[in-house]
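Chain naming here is simple, since letters A, B, ... match the order of the sequence lines and numbering starts at 1 in each. Keep in mind it's a predicted model, so treat the numbers as computed, not measured.
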Protein chains: 2
Amino acid sequence: MPAHEQTATSPDGAPGDPGAPAPDVTAEIRAAIVRGDFAPNQRLVEADLSRQFGVSRSSVRSALFELTNEGLVERVQHRGARVRAVTVAEAVEISEVRMVVEGLCAAKAAERVTDAEAAELRALGEAMRAAVAEGHVLRYSELNAELHRRIVEISGQATAAAVLERLRGQNVRHRFRLALVPGRPNVSLVEHLAIIEEICAHAPEAAERAARRHLSSVIEALKAV
Amino acid sequence: MPAHEQTATSPDGAPGDPGAPAPDVTAEIRAAIVRGDFAPNQRLVEADLSRQFGVSRSSVRSALFELTNEGLVERVQHRGARVRAVTVAEAVEISEVRMVVEGLCAAKAAERVTDAEAAELRALGEAMRAAVAEGHVLRYSELNAELHRRIVEISGQATAAAVLERLRGQNVRHRFRLALVPGRPNVSLVEHLAIIEEICAHAPEAAERAARRHLSSVIEALKAV
DNA sequence: GGCGCCGGGATCGTCGACGATCCGTCGACC
DNA sequence: GGTCGACGGATCGTCGACGATCCCGGCGCC
């Protein structure tokens with residue numbers, strides 16, 4: 001029955017199976033934007049996307065709303081949606097907010113971290129060190145995201161987590177570019193290790209300072225590009 | 001032609017004028033929640049709201065989505081929406097995030113504030129002082145919101161502004177209760193004046209500390225209730 | 001020749017109906 | 001008597017169609 005297989009991810013003109021649990025169009029469009037299939041400032045016409053993904057216009061519409069308040073899409077009344085182009089200035093602003101909120105999370109994490117979690121963080125740090133040593137930029141980037149995510153998790157701040165989640169999605173593009181700057185991973189690594197150490201030492205204020213120092217360095221690097 | 005007039009605000013069973021520019025249902029529901037017409041945890045059934053406000057279910061649906069990511073409404077797949085009840089613990093979390101973000105804004109405002117804006121802030125401070133002296137709690141509360149908003153505006157941080165806007169909406173209820181604590185306005189007033197002074201003195205770090213001190217005090221007051 | 005007005009096309013906002021999913025309840029079986 | 005499974009009501013998610021709004025181009029007028 002190979003002929004019956006259906007590529008749920010392929011955006012062809014499939015008739016759309018009414019029985020299927022509606023594959024998440026939001027996720028698909030988001031992925032397409034992050035991946036670069038939809039260029040910045042490209043218009044996103046509801047009817048087109050509707051045909052392209054094989055779902056109704058309502059679904060596309062709702063997806064575009066969701067992506068709008070994730071900050072990936074811009075909408076103007078009666079004038080449609082387009083992929084949001086995040087300028088460097090905006091990326092800096094976003095990172096500034098991230099700086100203070102992640103600082104808060106680092107402080108809270110330092111207060112609440114358990115021994116098991118501390119060990120986990122240290123293991124992450126070692127993995128990052130290894131990735132940098134071996135020049136695995138992509139791997140390092142993943143671990144980076146993982147570390148930030150894990151710290152927020154340990155902090156137990158649901159509100160901050162939601163805020164950061166949204167902010168982070170907006171400058172995936174700039175983040176990419178940043179990881180490729182020569183020498184950048186080394187600087188970044190040291191800062192990350194410092195954050196880990198302060199959290200494991202249950203030093204809230206020092207952890208906050210370390211987190212802010214790190215993001216501050218990210219901001220400088222952003223400005224330099 | 002007085003008979004043709006239509007009370008756009010009255011949520012009766014009017015047939016709904018298709019020519020009308022669709023009064024913003026989102027705003028109406030939001031107002032109803034903030035005002036207390038819809039109690040916390042009350043179920044918000046799309047069909048009911050649809051009849052109640054005289055718009056189609058799709059419009060109500062879209063409004064509920066918007067309110068959901070403003071944090072005023074909770075939604076569960078296939079199980080409907082209800083008014084979100086913000087616990088004290090959540091209100092504290094929200095205020096903690098506000099603390100660091102408003103701290104950032106205060107610092108940026110201190111860097112960018114012009115003389116005209118400084119004068120405006122000082123005038124606001126005086127108005128607040130007068131309101132407290134005369135016991136105008138409501139007036140003070142309004143000026144309070146105005147001050148915070150203005151500082152963010154001066155800071156020029158659009159991202160931070162958006163984040164704060166959303167956070168602020170979520171604990172309107174708790175904010176109300178707080179203003180009524182005896183002696184609270186006096187404490188709050190002093191802190192506000194300190195923020196204003198540091199901003200006007202172009203002292204970013206001091207301004208950030210003052211803003212954090214203020215929010216920190218708000219958090220303590222929240223916990224005490 | 002430049003400016004303002006007006007139609008055509010494209011696109012969005014709104015609507016009511018259909019199918020799918022979930023919860024509560026009743027009945028049967030162990 | 002307790003537990004499991006099936007039925008029914010309620011509610012949500014999705015769909016395609018209609019009307020409204022906006023931009024773009026051509027035409028007339030100054």
Item to check | Partners meeting side chain to side chain contact (heavy atoms under 4.5 Å, CB included) with A/A27 (sequence neighbours left out) | outcome: A/D24, A/R30
Item to check | Set of residues satisfying side chain to side chain contact (heavy atoms under 4.5 Å, CB included) with respect to B/A109, sequence neighbours excluded | outcome: B/I151, B/I154, B/S155, B/I199
Item to check | Within-4.5 Å side-chain heavy-atom neighbours: A/L49 and A/L44 | outcome: yes
Checklist entry - Going by heavy atoms in the side chains, are A/H192 and A/Y140 under 4.5 Å from each other? => result yes
Item to check | Intermediate values then yes/no, side chain to side chain contact (heavy atoms under 4.5 Å, CB included), A/H148 and A/R98 | outcome: CA-CA 11 Å; A/H148 282 268; A/R98 278 190 56 200; 4.0 Å; yes
Checklist entry - Excluding sequence neighbours, so at least two apart, what forms side chain to side chain contact (heavy atoms under 4.5 Å, CB included) with A/E90? => result A/R84, A/V86, A/T87
Checklist entry - With side chains defined as the heavy atoms from C-beta onward, is the minimum distance between A/R61 and A/S50 less than 4.5 Å? => result no
Checklist entry - So do the side chains of B/K108 and A/E96 get within less than 4.5 Å of each other, counting heavy atoms only? => result yes
Checklist entry - Going by heavy atoms in the side chains, are B/V83 and B/N41 under 4.5 Å from each other? => result no
Checklist entry - Roughly how many Å is it from CZ in B/R57 to P in D/dT14, rounded to a whole number? => result 11 Å
Checklist entry - Which residues in residues 37-50 of chain A have at least one heavy atom lying under 4.0 Å from any atom of DNA chain C? => result A/R43, A/L44, A/V45, A/E46
Item to check | Separation of D/dC15 P from A/R51 CZ (nearest whole Å) | outcome: 15 Å
Next on the checklist: Under 4.0 Å, heavy atom to any atom of DNA chain C: which of residues 58-69 of chain B qualify?
Outcome noted: B/S58, B/S59
Next on the checklist: For DNA chain C, which residues of residues 71-78 of chain A approach it to below 4.0 angstrom with any heavy atom?
Outcome noted: A/R75, A/H78
Checklist entry - Do A/H202 and A/V113 come within less than 4.5 Å of each other through their side chains, counting heavy atoms only? => result yes
Checklist outcome for this item: When rounded to whole Å, the CZ to C1' distance for the pair A/R79 and D/dC24 reads 12 Å
